[in-house]
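It should be emphasised that the depicted structure is a prediction, and the values quoted were computed from it without experimental measurement. All chains are named by letter (A, B, ...) in the order of the sequence lines, taking the proteins before the strands, and each is independently numbered beginning at 1.
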Amino acid sequence: MPRYNPKEVEPKWQARWRGAKSFETQSENAKPKYYVLEMFPYPSGRIHVGHVRNYAMGDVIARYKKAQGFNVLHPMGWDAFGMPAENAAMQTGSHPAKWTYSNIDVMRGQLQLMGLSIDWSREFATCDPAYYVHQQRMFLEFWKEGLAYRKESQVNWDPVDQTVLANEQVIDGKGWRSGAPVERRKLSQWFFKITDAAEDLLSALDDGRLSGWPDNVKLMQKNWIGKSKGLQMRFPFAAETSVPKGFEGGVEIFTTRPDTLFGASFIAISPDHPLAILLAESDKGLAKFIAECASSGTSEEAIEKAEKRGLKTALETGHPFDDRKLPVYVANFVLMGYGTGAIFGCPAHDQRDYDFATKYDLAIPPVVLPDGADADVYTLEGEPYIGPGKIFNSDFLDGLPVEDAIAAAIKKIEQMDLGKGVTQYRLRDWGVSRQRYWGCPIPAIHCSTCGIVPVPVKDLPVKLPEEADFSVPGNPLDRHPTWKHVDCPTCGGKARRETDTFDTFVDSSWYFARFASQPKDKPMTREVVDSWLPVDQYIGGVEHAILHLLYARYFTRMMKQCGHVSLDEPFANLFTQGMVVHATYRDESGQWLQPDQVIVEKGAALRADNGKPVKIGAIEKMSKSKKNVVSPDAIAETYGADAARWFMLSDSPPERDVEWTDAGVEGAWRLIGRIWDAISAAPGALKNLDMSKPNVTDADKALRQATHAAIDGVTSDIEHFRFNKAIARIYEFINVLKKESGAGKWARAEALGALSQLVAPFIPHLAEECWETLGGKGFICDAPWPKADKTLLAKDELLLGVQVNGKRRGEILVAADAANETVEQAALSDEGVQRHIDGKTVRKIVIVPGRIVNIVAN
RNA sequence: GCCCCUGUGGUGGAAUUGGUAGACACGCCUGACUCAAAAUCAGGUGCUGCAAAGCGUGCUGGUUCGAGUCCGGCCAGGGGCACCA
């Protein structure tokens with residue numbers, strides 16, 4: 001018997017699939033369509049095991065659906081623009097395009113070795129002008145529709161390198177290269193009006209349009225959009241305050257808790273608030289404070305984690321309901337981007353306000369009384385009270401529950417003409433400008449006479465200049481000697497190009513549509529895209545649960561508005577798979593090390609080359625920047641792609657993170673050997689199936705039961721993304737198959753055929769080899785999926801556990817259709833049960849049919 | 001800090017969704033084959049205990065005839081936080 005040799009077998013079948021164009025998809029097809037898509041990769045350099053896991057999952061689905069009779073679309077491409085290419089250019093001098101395309105070549109080769117059922121004829125990279133020309137075209141349409149516009153927003157500015165930094169490049173408030181404290185700086189940039197769609201993006205989460213999405217992702221998106229109803233109102237200044245020019249009306253605030261207005265003890269405005277900026281003009285201390293606030297990064301995390309600080313201004317406001325005066329603070333925890341950039345502080349019932357009031361010694365009057373508390377003696381003990389209750393110490397709101405008090409307060413303020421109830425969203429418009437080279441150029445031209453004008457469609461694509469200088473930080477497009485100088489398309493005068501490029505989230509917000517339809521003269525052909533979308537199964541990491549998915553949902557709506565597609569929601573079913581994580585390592589100088597450069601023994605780590613100590617860091621998702629990546633090459637080289645794929649899908653549930661370990665691949669390899677041994681011992685067996693079914697012996701029946709239980713179980717496991725369980729079932733089936741010796745040829749042939757088909761989505765090369773050996777017709781990847789015979793699944797006898805007072809004390813074997821009395825008798829007479837009910841009175845017997853018997857006795 | 005998720009043997013995990021905790025696999029132990037090793041095959045393996053038995057799903061409290069599963073409070077780890085992708 002020849003030993004199975006994946007090095008020969010795998011390339012052989014890959015060549016045959018290619019020859020037969022097995023996975024090239026035609027849009028015109030009588031079969032129902034099924035679109036499987038995994039989030040396309042960033043070409044970081046090499047495929048790692050995390051990619052293999054992701055694409056192996058998609059491939060199982062794609063091959064399974066093909067066997068189920070669907071016309072499957074399963075494409076692949078490259079999310080090819082982005083910062084790492086530009087960083088590489090700065091470090092090594094190689095051009096981003098060259099770096100990117102050579103990475104793509106390597107990674108395509110690696111993926112192809114995995115034997116994925118991908119339609120490679122549809123492959124593209126987002127950095128190809130043939131792709132991004134259509135993105136520019138759509139941008140011009142969005143602009144015309146008013147969906148794209150310009151406004152000022154803040155960026156992280158490195159004052160030494162004179163460049164904009166990504167949040168990732170800000171470490172502890174300092175620039176990653178220069179080490180200089182970053183500044184927040186305002187820049188005029190391009191935005192997409194995603195806030196216009198906030199309500200629809202939100203309601204689609206609940207109205208069934210996204211019923212195929214996991215709840216946690218929908219919840220995260222809901223919280224991200226952050227719809228809240230509240231009160232926008234103004235606090236007029238106190239009589240003796242000298243009112244700053246332009247703010248005669250007072251301070252405009254937004255609150256979701258107007259019920260706590262009587263608990264107000266201060267007003268706080270954002271350091272970026274126009275009032276704060278105005279006051280700073282004549283107040284050096286305040287100007288200094290505002291500058292200090294601007295020295296952290298722009299990320300919400302950095303702002304939230306910063307110590308709560310404030311500076312008291314000379315201003316005071318009055319209070320709408322009584323004559324108290326409230327000091328006005330400029331405070332670093334108030335965000336200009338949310339609400340009105342100003343709040344009233346109610347320290348008794350808000351954690352941040354409480355911290356602030358404690359620090360600056362402000363009053364903390366409680367106004368919400370927890371249910372059951374006594375108003376006369378109630379005090380806060382070291383923390384604010386956030387929970388429900390009834391309002392007190394609040395005049396006309398006294399006695400009302402929180403919800404009613406909110407409504408009553410809004411009504412009163414509206415009557416007083418000081419404000420109105422409003423709906424507020426946390427979601428901000430999508431800033432798409434990036435001051436970088438390696439991205440899709442934004443097709444706009446700045447003219448001193450005509451303003452900002454679109455690049456005429458006939459001049460598209462606006463291509464990146466090939467020559468660029470990466471030797472210094474900053475935007476190479478901006479300092480390019482010639483590229484930006486153009487004539488204004490409107491007046492013909494001297495003008496300059498927009499030097500911002502698009503956020504790479506734009507590139508990945510419509511690639512799924514382009515995969516389905518790739519005409520040259522337009523982004524997509526509507527009828528074709530409509531016939532393929534939505535993606536029936538989208539698969540990707542949870543880390544994309546909010547941004548990428550939300551942007552793609554919005555982009556699809558914009559495309560719909562411009563007539564490119566007919567639907568709102570691009571992804572009908574979403575599966576978020578867990579990440580492959582690995583420990584991170586750094587040497588003494590703080591340089592990241594790859595796992596294969598490190599030897600770990602007894603919890604201590606040493607460098608493989610020089611034995612110097614290595615610091616073991618957190619276990620994190622595999623990423624190139626931290627070098628904690630493991631490549632599948634070694635596994636594939638030794639054991640073949642099938643073993644690598646099988647191993648990646650074994651054991652861990654797909655939605656869960658897995659920590660990579662080398663242990664266990666041997667198990668996958670052994671399984672491949674066992675399957676091959678079983679099948680190569682029965683060449684041509686499937687031809688036996690053509691004969692009429694012989695009389696069935698008990699041994700035949702036992703084997704057939706195992707076969708059909710396996711078909712039934714594996715089918716439902718694949719349908720529900722339980723690949724680890726499908727694999728466990730296949731092991732069980734093989735264990736039965738190996739032991740079973742009395743079954744006849746017919747039953748064995750059926751079992752071996754089913755086995756080959758059940759493993760085919762997971763280990764397709766071996767499966768084809770098995771199918772051919774057994775004498776199956778055509779490719780196994782074209783064979784229809786086996787159907788379980790349900791009549792073989794029912795069992796005659798059941799083994800039931802018997803509990804006494806909830807603890808398992810015995811087991812009984814009863815007929816599947818036994819009456820309750822019979823079961824009770826059997827349970828009570830069980831020896832183990834007898835021991836535990838001896839001397840006690842049986843109070844109750846709970847029988848859960850087919851499951852368990854519980855005897856309650858005391 | 002805020003939002004989401006996870007926690008079960010030495011390890012990855014299973015448990016028909018409130019019903020016999022530990023399927024399946026890795027590892028380990030024992031045996032067979034071998035001059036020997038590897039590979040392969042067979043058996044064993046939650047913990048304590050000679051046994052009887054007891055204990056056991058991050059910790060803690062609750063609901064229930066019955067909780068890994070539901071509810072409350074904690075602890076630990078991971079993901080996201082709008083310029084990493």
field: Strand partner of B:C2, provided both Watson-Crick or wobble distances fall under 3.5 Å
entry: B:G80
- request: Identify whether any heavy atom of A:Ile727 sits under 4.0 Å from a base atom; if not, whether one sits that close to sugar-phosphate; answer base, sugar-phosphate or nothing.
  value: nothing
task: Consider the side chain of A:Arg670, meaning its heavy atoms from C-beta on, and name the nucleotide among B:C41, B:C24, B:A85 that approaches it most closely.
output: B:C41
- request: Check whether any side-chain nitrogen or oxygen of A:Lys222 sits under 4.0 Å from OP1 or OP2 of B:C4, and answer yes or no.
  value: no
B:G22 to B:G1 separation - C1' atoms, rounded to the nearest Å: 39 Å
field: Residue that, paired with A:Phe40, satisfies ring-ring contact (aromatic ring centres under 6.0 Å, His included) out of A:Tyr511, A:Tyr55, A:Trp78, A:Phe512
entry: A:Tyr511
task: Using a cut-off of strictly less than 4.0 Å, decide whether A:Ser299 has a side-chain nitrogen or oxygen near OP1 or OP2 of B:C81.
output: no
field: Of the listed nucleotides B:C4, B:A15, B:A82, the one nearest the side chain of A:Leu219
entry: B:C4
message: Using a distance-only criterion (donor-acceptor N/O pair, under 3.5 Å, no hydrogens), is the base of B:C3 paired with the side chain of A:Asn223?
response: no
message: Need one value for A:Ile730: base, sugar-phosphate or nothing, where a base atom within 4.0 Å counts as base even if backbone is also close, heavy atoms only.
response: nothing
message: For the C1' atoms, the ones on B:C74 and on B:A82, what distance do you get once it is rounded to whole angstrom?
response: 32 Å
- request: Please measure how far the C1' atom in B:A21 lies from the corresponding atom in B:G66, and state the result in whole Å.
  value: 14 Å
- prompt: Considering heavy-atom distances to RNA chain B, does A:Leu800 or A:Gln351 have its closest nucleotide positioned more toward the 5' end?
  reply: A:Gln351
message: Considering every strand and a 4.0 Å limit on heavy-atom distances, what is the contact class for A:Glu811: base, sugar-phosphate, or nothing?
response: base
- prompt: Taking the side chain of A:Glu300 as heavy atoms from C-beta outward, which of B:A14, B:G1, B:A85 is closest to it?
  reply: B:G1
query: Mind checking who B:G9 pairs with, Watson-Crick or G-U wobble, both distances under 3.5 Å?
result: none
- request: Ignoring the backbone of A:Ala728, work out which of B:A23, B:G13, B:C4 is nearest its side chain.
  value: B:A23
field: Torsion-based syn/anti label for B:U30, 90° from 0 as limit
entry: anti
- request: Using a heavy-atom cut-off of under 4.0 Å over every strand shown, decide if A:Pro41 touches base, sugar-phosphate, or nothing.
  value: nothing
message: Classify A:Ser433 by what it touches in the nucleic acid, base, sugar-phosphate, or nothing, heavy-atom distance under 4.0 Å.
response: base
message: Run A:Trp430 and A:Phe502 through ring-ring contact (aromatic ring centres under 6.0 Å, His included) and show every step you take.
response: CA-CA 11 Å; A:Trp430 174 11; A:Phe502 280 120; 8.9 Å; no
task: Give A:Val155 one of three labels, base, sugar-phosphate or nothing, depending on what nucleic acid heavy atoms sit under 4.0 Å from its own.
output: base
- request: Return the orientation label for the A:Trp646 and A:Tyr731 ring planes: parallel under 30°, perpendicular over 60°, tilted otherwise.
  value: perpendicular
task: Just name whichever nucleotide pairs with B:C41, Watson-Crick or G-U, keeping both distances under 3.5 Å, else none.
output: B:G31
field: Per A:Ile546 side chain, nearest of listed nucleotides B:G80, B:A23, B:G1
entry: B:G80
query: Which whole-number value in Å describes the distance from A:His582 NE2 to B:G78 P?
result: 15 Å
- prompt: Between the side chains of A:Glu666 and A:Tyr639, does any donor sit under 3.5 Å from an acceptor?
  reply: yes
query: Tell me: OH of A:Tyr551 to P of B:G80, nearest whole Å?
result: 14 Å
message: Could you tell me the Watson-Crick or G-U partner of B:G56, where both distances fall under 3.5 Å? Say none if there is no partner.
response: none
query: So which nucleotide from B:G12, B:A53, B:U20 ends up closest to the side chain of A:Ser652?
result: B:G12
query: Reckon A:Gln435 touches a base, only the sugar-phosphate, or nothing at all at heavy-atom distances under 4.0 Å?
result: base
field: Check ion pair A:Arg434-A:Asp503 (N to O, under 4.0 angstrom)
entry: yes
message: Tell me the interatomic distance from A:Ile619, atom CD1, to B:U11, atom P, rounded to whole angstroms.
response: 13 Å
query: Side chains of A:Asn628 and A:Thr584: do they bring a donor and an acceptor to under 3.5 Å?
result: no
message: Quick check on B:G66: is either OP1 or OP2 less than 4.0 Å from any side-chain nitrogen or oxygen of A:Arg851?
response: no
query: Taking the side chain of A:Arg674 as its heavy atoms from C-beta onward, which of B:G1, B:A25, B:U20 lies nearest to it?
result: B:A25
- request: Check every strand shown and say whether A:Gly431 touches a base, only sugar-phosphate, or nothing at a heavy-atom separation below 4.0 Å.
  value: sugar-phosphate
message: As a test of the definition: with a 90° window around 0 for syn, would you call B:G9 syn or anti?
response: syn
task: Give a yes/no on whether any side-chain N or O of A:Asn167 is located under 4.0 angstrom from OP1 or OP2 of B:A82.
output: yes
field: Any A:Arg426 side-chain nitrogen or oxygen under 4.0 Å from OP1 or OP2 of B:C2
entry: no
- request: Report the residue (A:Val164 or A:Lys308) whose heavy-atom-nearest nucleotide on RNA chain B is the more 5′ of the two.
  value: A:Lys308
message: Do A:Asn820 and A:Glu824 pair up side chain to side chain, a donor and an acceptor below 3.5 Å, judged on atom types alone?
response: no
message: Tell me which nucleotide, if any, is Watson-Crick or G-U wobble paired with B:C70 when both distances must be under 3.5 Å.
response: B:G62
message: If I take atom NZ in residue A:Lys807 and atom C1' in nucleotide B:U64, what distance separates them, rounded to the nearest angstrom?
response: 16 Å
- request: On the 0 to 90° scale, with breaks at 30° and 60°, tag the A:Phe333-A:Phe356 ring pair as parallel, tilted or perpendicular.
  value: perpendicular
statement: From the candidates B:C24, B:G13, B:A85, the one with an atom nearest any side-chain atom of A:Lys621 is B:A85
field: Whole-Å distance separating the CG atom of A:Asn805 from the P atom of B:G54
entry: 13 Å
query: Reckon A:Asn216 touches a base, only the sugar-phosphate, or nothing at all at heavy-atom distances under 4.0 Å?
result: sugar-phosphate
query: What does A:Met579 touch in the nucleic acid at a heavy-atom separation under 4.0 angstrom: a base, only the sugar-phosphate, or nothing?
result: sugar-phosphate
query: What nucleotide among B:G1, B:U20, B:G13 has an atom nearest to a side-chain atom of A:Arg808?
result: B:U20
Watson-Crick/G-U partner (both atom distances under 3.5 Å) of B:G18: none
message: It should be established whether A:Asn724 places a side-chain nitrogen or oxygen under 4.0 Å from OP1 or OP2 of nucleotide B:A14.
response: yes
Sugar-phosphate, base or nothing in reach of A:Trp430, heavy atoms under 4.0 Å: nothing
message: Once hydrogens and angles are ignored, does a donor-acceptor distance under 3.5 Å link the base of B:G12 to the side chain of A:Asp651?
response: yes
field: Selection from B:A82, B:C65, B:G13 that lies nearest to any side-chain heavy atom of A:Lys844
entry: B:C65
- request: Scan A:His544 against the nucleic acid and name what it touches under 4.0 Å (heavy atoms): base, sugar-phosphate only, or nothing.
  value: base
message: Can you check the distance between B:C59 and B:U8, where both ends of the measurement are the P atom (answer in whole Å)?
response: 10 Å
Whether A:His548 and A:His544 hold their rings parallel, tilted or perpendicular, with breakpoints at 30° and 60°: perpendicular
- request: Using a 4.0 Å heavy-atom cut-off across all strands, classify A:Glu86 as base, sugar-phosphate, or nothing.
  value: nothing
query: Is A:Ser650 touching bases, backbone alone, or none of the nucleic acid, heavy atoms closer than 4.0 Å?
result: nothing
- request: Taking atom P in both B:G68 and B:G18, compute the distance separating them and give it to the nearest angstrom.
  value: 13 Å
message: Is any side-chain heavy atom of A:Val853 closer than 4.5 Å to one of A:Val833?
response: no
